[in-house]
Amino acid sequence: MEETTGVLKEGFLVKRGHIVHNWKVRWFVLLQDKLLYYKLEGGKKESSPKGRILLDGCTITCPCLEYENRPLLIKLKTKTNTDYFLECCSREERDSWALDITGAIHAGHPVQVQELHRMKNSFKLLENISLHHIVDKMRDSSAGIKLTLNVEQGNRYKETFTGSALVDWLISNNFAVSRFEAVTLASMLMEENFTKPVGARSTGATRYSDLSEQFLDDSTALYMFAETSKKMISSKEELQFNISELSGTIVKQGFLVKQGHKRKNWKVRKFVLRADPAFLHYYDPTKEENRPVGGFSLRGCLVSALEDNGVPAGVKGNVQGNLFKIITKKDIHYYMQASSKAERTQWIEAIKPLT
């Protein structure tokens, strides 16, 4: 078995396959000099790793926008020029992984670590930056910012982008080196009427007097190009899920292992917990489309931790530890497994007030 002492970080990430470019969820373990990844079989991590990424001489790209339907990617290029694409479940999670991997890559080079911290907090916008040039680039059909249909408080906004998506795009296109810098640029674009806020969250922020607080680096704040605002709200899109289900505020999101209803097999799913209205939806992280594969209202649900010794009743396969279950109002039983006791507690405590 591979040596796994000195674990710096571990958790689920979605990895692009090497030979066939399909996406699979793997359990990643970050060590001082390498990143190991394991396959999950029947809800359990296999004992030996499926592969390893040696970090010596590796370069990291984050944000990486090479896949338009997967905005939360980290790209690693090894010394031998092998590319690895790893997807996280939220922007916070992505930035945290990127920081820890970067730290491990540069651990032996303290000067580079100092330089990184300096760059992260630096502020040196390009001297003669042309906002027109940025907007032209943003509108480019292939390399521009991706416009999508977004939902906020029951309203659907066509051709919009989120605040954090714009910040990622500006950094990725070398218009800014840090998020702080990108936010300032984004505020300038808004002030000069190239872009405008849409929806309550982003519009509310423009009331702040400080320019740097007016633009939100946030995945729930919506913006659009100023001249597309005429045909902003759409009503006819047929969505599989009732639109109001997906309009609540995101309270928590992350990967959990879930027992299937019919085949009772265990699969990793990305769970998103929303409030007002309170719903828990789950997505298949290996698929491109960002629509839930299942979900339910939390009103009247019961949520509880399951016994950690042995396999609890209702659980198929030899899956044990860090399990919890939700019983819906319609008496449907959902069984989930978190990756640690602490994570299970966090999920239960986030769900309980919404039931």
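Atoms considered below: every heavy atom in the structure, side chains included; atoms not considered: hydrogens, waters and symmetry mates.
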Asker: If only side-chain N and O atoms count, and only distance matters, is there a donor-acceptor pair under 3.5 Å linking S164 with D217?
Answerer: no
Asker: Is any side-chain heavy atom of F85 less than 4.5 Å from a side-chain heavy atom of C64?
Answerer: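 Yes, at least one pair of side-chain atoms sits under 4.5 Å.
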Asker: Which residue pairs pass the salt bridge (charged side-chain N to carboxylate O under 4.0 Å, His left out) test when at least one of the two sits in residues 161-172, sequence neighbours left out?
Answerer: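 As it turns out, the salt bridge (charged side-chain N to carboxylate O under 4.0 Å, His left out) pairs with a partner in residues 161-172, which skip direct neighbours, are R94-D168, D168-R179.
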Asker: More than 12 heavy atoms of other residues, nucleotides or ligands under 6.0 Å from CD of E92: is that the case?
Answerer: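 Result for CD/E92: enclosed.
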Asker: Passes side chain to side chain contact (heavy atoms under 4.5 Å, CB included), K196 versus M190? Steps please.
Answerer: CA-CA 6 Å; K196 60 176 283 172; M190 201 162 64; 5.5 Å; no
Asker: For residues 347-355, please give each side-chain donor-acceptor pair under 3.5 Å, one per line with the distance, not counting sequence neighbours.
Answerer:
{"residue": "T355", "atom": "OG1", "partner": "K352", "partner atom": "O", "Å": "2.8"}

Asker: Step by step, work out the side chain to side chain contact (heavy atoms under 4.5 Å, CB included) result for L131 and F194.
Answerer: CA-CA 8 Å; L131 294 179; F194 287 109; 3.6 Å; yes
Asker: Once ring-ring contact (aromatic ring centres under 6.0 Å, His included) is applied, do any residues pair with F255, and if so which ones, sequence neighbours excluded?
Answerer: none
Asker: Side-chain contact test, heavy atoms from C-beta onward, threshold under 4.5 Å: evaluate it for W266 versus Q337 and give yes or no.
Answerer: yes
Asker: Could you see if L54 belongs to whatever hydrophobic cluster contains L8? Use Ile, Leu, Val, Met, Phe, Trp, Tyr and a side-chain cutoff under 4.5 Å.
Answerer: no
Asker: Quick one: side-chain hydrogen bond (donor to acceptor under 3.5 Å, both in side chains) partners of K9, sequence neighbours excluded?
Answerer: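 In terms of side-chain hydrogen bond (donor to acceptor under 3.5 Å, both in side chains), with neighbours along the sequence ignored, K9 is linked to S96.
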Asker: Which heavy atom of R274 sits nearest to which heavy atom of G248, and what is that distance?
Answerer: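 Scanning both residues, the minimum pair turns out to be CD-O, 3.7 Å.
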Asker: Does one side chain, of R91 or S219, offer a donor that lies under 3.5 Å from an acceptor on the other?
Answerer: no
Asker: Considering residues at least two apart in sequence or located in another chain, which fulfil the ring-ring contact (aromatic ring centres under 6.0 Å, His included) criterion with H21?
Answerer: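 H21 satisfies ring-ring contact (aromatic ring centres under 6.0 Å, His included) with no residue once adjacent residues are dropped.
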Asker: Step by step, work out the side chain to side chain contact (heavy atoms under 4.5 Å, CB included) result for V268 and L40.
Answerer: CA-CA 9 Å; V268 179; L40 220 72; 3.7 Å; yes
Asker: Just wondering, do M138 and T195 contact through their side chains at under 4.5 Å, heavy atoms?
Answerer: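 T195 vs M138: side chains touch.
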Asker: Does W27 have any side-chain hydrogen bond (donor to acceptor under 3.5 Å, both in side chains) partners at least two apart in sequence or in another chain, and if so, which?
Answerer: E10
Asker: Measure the spacing between CD1 of I171 and CG of L185 and express it to the nearest 0.5 Å.
Answerer: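 Reported value, rounded in 0.5 Å steps: 10.0 Å.
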Asker: Determine whether T220 and T162 make a side-chain contact, defined as any pair of heavy atoms from C-beta on separated by less than 4.5 Å.
Answerer: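 They are not in side-chain contact.
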Asker: Quick one: does V272's side chain get under 4.5 Å of I250's, heavy atoms only?
Answerer: yes
Asker: Would you please name every residue forming a side-chain hydrogen bond (donor to acceptor under 3.5 Å, both in side chains) with K146, sequence neighbours left out?
Answerer: N69
Asker: Distance to the ring centre below 6.0 angstrom and angle to the axis at most 45 degrees; does that hold for R139 and F225?
Answerer: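 Cation-pi check for R139 and F225: passes.
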Asker: Nearest 0.5 Å, please: how far is OG1 in T328 from CG in L280?
Answerer: 11.5 Å
Asker: Cut-off 3.5 Å, side chains only: do D100 and T102 have a donor facing an acceptor?
Answerer: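 There is no such pair (donor and acceptor under 3.5 Å, judged by atom type) between the side chains of D100 and T102.
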Asker: Centre-to-centre under 6.0 Å for Y38 and F28, is that the case here?
Answerer: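 Ring centroids of Y38 and F28 are no less than 6.0 Å from each other.
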Asker: Can you check whether V177's main-chain N or O pairs, donor with acceptor, with E181's side chain at less than 3.5 Å?
Answerer: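 Pair found, side chain donor or acceptor close to backbone of V177.
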Asker: Mind checking ring-ring contact (aromatic ring centres under 6.0 Å, His included) for W23 and listing every partner two or more places apart, or none if nothing turns up?
Answerer: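 In terms of ring-ring contact (aromatic ring centres under 6.0 Å, His included), with neighbours along the sequence ignored, W23 is linked to Y67.
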Asker: How long is the span from the CG atom in L149 to the CD atom in E159, to the nearest 0.5 Å?
Answerer: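 The distance works out to 10.0 Å.
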Asker: Checking Y282 now: which residues fulfil side-chain hydrogen bond (donor to acceptor under 3.5 Å, both in side chains) with it, not counting sequence neighbours?
Answerer: none
Asker: What are the two closest heavy atoms between L222 and S202, and how far apart are they?
Answerer: O-OG, 2.7 Å
Asker: When rounded to the nearest 0.5 angstrom, what is the spacing between OH in Y84 and NZ in K15?
Answerer: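 One gets 6.5 Å once the value is rounded to the nearest 0.5 Å.
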Asker: Once ring-ring contact (aromatic ring centres under 6.0 Å, His included) is applied, do any residues pair with Y335, and if so which ones, sequence neighbours excluded?
Answerer: none
Asker: Keeping the roles fixed (side chain from T148, backbone from N150), state whether a donor-acceptor pair exists under 3.5 Å.
Answerer: no
Asker: Report the distance from atom OG1 of T345 to atom CZ of F324, rounding to the nearest 0.5 Å.
Answerer: 10.0 Å
Asker: For ring pair (Phe, Tyr, Trp, His ring centres under 6.0 Å), just list the numbers for Y223 and F215, CA-CA rounded to whole Å, side-chain angles, deciding distance to a tenth of an Å, and then say yes or no.
Answerer: CA-CA 9 Å; Y223 297 89; F215 181 88; 4.4 Å; yes
Asker: Show me, pair by pair, the donor-acceptor contacts under 3.5 angstrom made by side chains of residues 70-79, not counting sequence neighbours?
Answerer:
{"residue": "R70", "atom": "NE", "partner": "E288", "partner atom": "OE2", "Å": "3.1"}
{"residue": "R70", "atom": "NH1", "partner": "E87", "partner atom": "OE1", "Å": "2.6"}
{"residue": "R70", "atom": "NH1", "partner": "P285", "partner atom": "O", "Å": "3.1"}
{"residue": "R70", "atom": "NH2", "partner": "T286", "partner atom": "O", "Å": "2.9"}
{"residue": "R70", "atom": "NH2", "partner": "K287", "partner atom": "O", "Å": "3.4"}
{"residue": "K75", "atom": "NZ", "partner": "E66", "partner atom": "OE2", "Å": "2.8"}
{"residue": "K77", "atom": "NZ", "partner": "D83", "partner atom": "OD1", "Å": "3.0"}
{"residue": "T78", "atom": "OG1", "partner": "T80", "partner atom": "N", "Å": "3.4"}
{"residue": "T78", "atom": "OG1", "partner": "T80", "partner atom": "OG1", "Å": "3.1"}
{"residue": "T78", "atom": "OG1", "partner": "T82", "partner atom": "N", "Å": "3.1"}
{"residue": "K79", "atom": "NZ", "partner": "D56", "partner atom": "OD2", "Å": "3.0"}

Asker: Considering all heavy atoms of both residues, which atom of C58 and which atom of I53 are nearest to each other, and what is their separation?
Answerer: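 So the two residues come closest at SG-CG2, 4.4 Å.
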Asker: Would a 4.5 Å heavy-atom cut-off, applied to side chains only, mark L30 and V7 as touching?
Answerer: no
Asker: Quick check: closest heavy atoms across V251 and A275, and the distance to 0.1 Å?
Answerer: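 Looking at all heavy atoms of both residues, the shortest contact is CG2-CB, 3.6 Å.
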Asker: Report the C-alpha separation of K267 and V257 in whole Å, then their side-chain angles, then the decisive distance to 0.1 Å, and conclude whether the side chain to side chain contact (heavy atoms under 4.5 Å, CB included) test is met.
Answerer: CA-CA 5 Å; K267 293 264 173 72; V257 190; over 6 Å; no
Asker: Kindly state each residue pair satisfying ring-ring contact (aromatic ring centres under 6.0 Å, His included) with at least one member in residues 286-313, sequence neighbours excluded.
Answerer: F296-Y334
Asker: Is the W169 to F175 ring centre distance short of 6.0 Å?
Answerer: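 Centroid distance W169-F175: below 6.0 Å, so yes.
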Asker: Report the distance from atom CG of L13 to atom SG of C89, rounding to the nearest 0.5 Å.
Answerer: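 Atom-to-atom, L13:CG and C89:SG are 8.5 Å apart.
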Asker: Is atom NZ of K325 surrounded by more than 12 heavy atoms (other residues, nucleotides or ligands) closer than 6.0 Å?
Answerer: yes
Asker: Is any side-chain heavy atom of L35 closer than 4.5 Å to a side-chain heavy atom of W97?
Answerer: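 Answer yes - side chains close enough.
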Asker: Would you confirm whether R344, through its side chain, and L306, through its main-chain N or O, come within 3.5 Å as a donor-acceptor pair?
Answerer: yes
Asker: Which heavy atom of V198 sits nearest to which heavy atom of E152, and what is that distance?
Answerer: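 V198 and E152 have their closest heavy atoms at O-OE1, 4.4 Å.
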Asker: Work out which heavy atom in A98 is nearest to a heavy atom in I60; give both atom names and the distance.
Answerer: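 Minimum heavy-atom contact is O-CD1, 3.8 Å.
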Asker: Are any of the side-chain heavy atoms of L86 and V14 separated by less than 4.5 Å?
Answerer: no
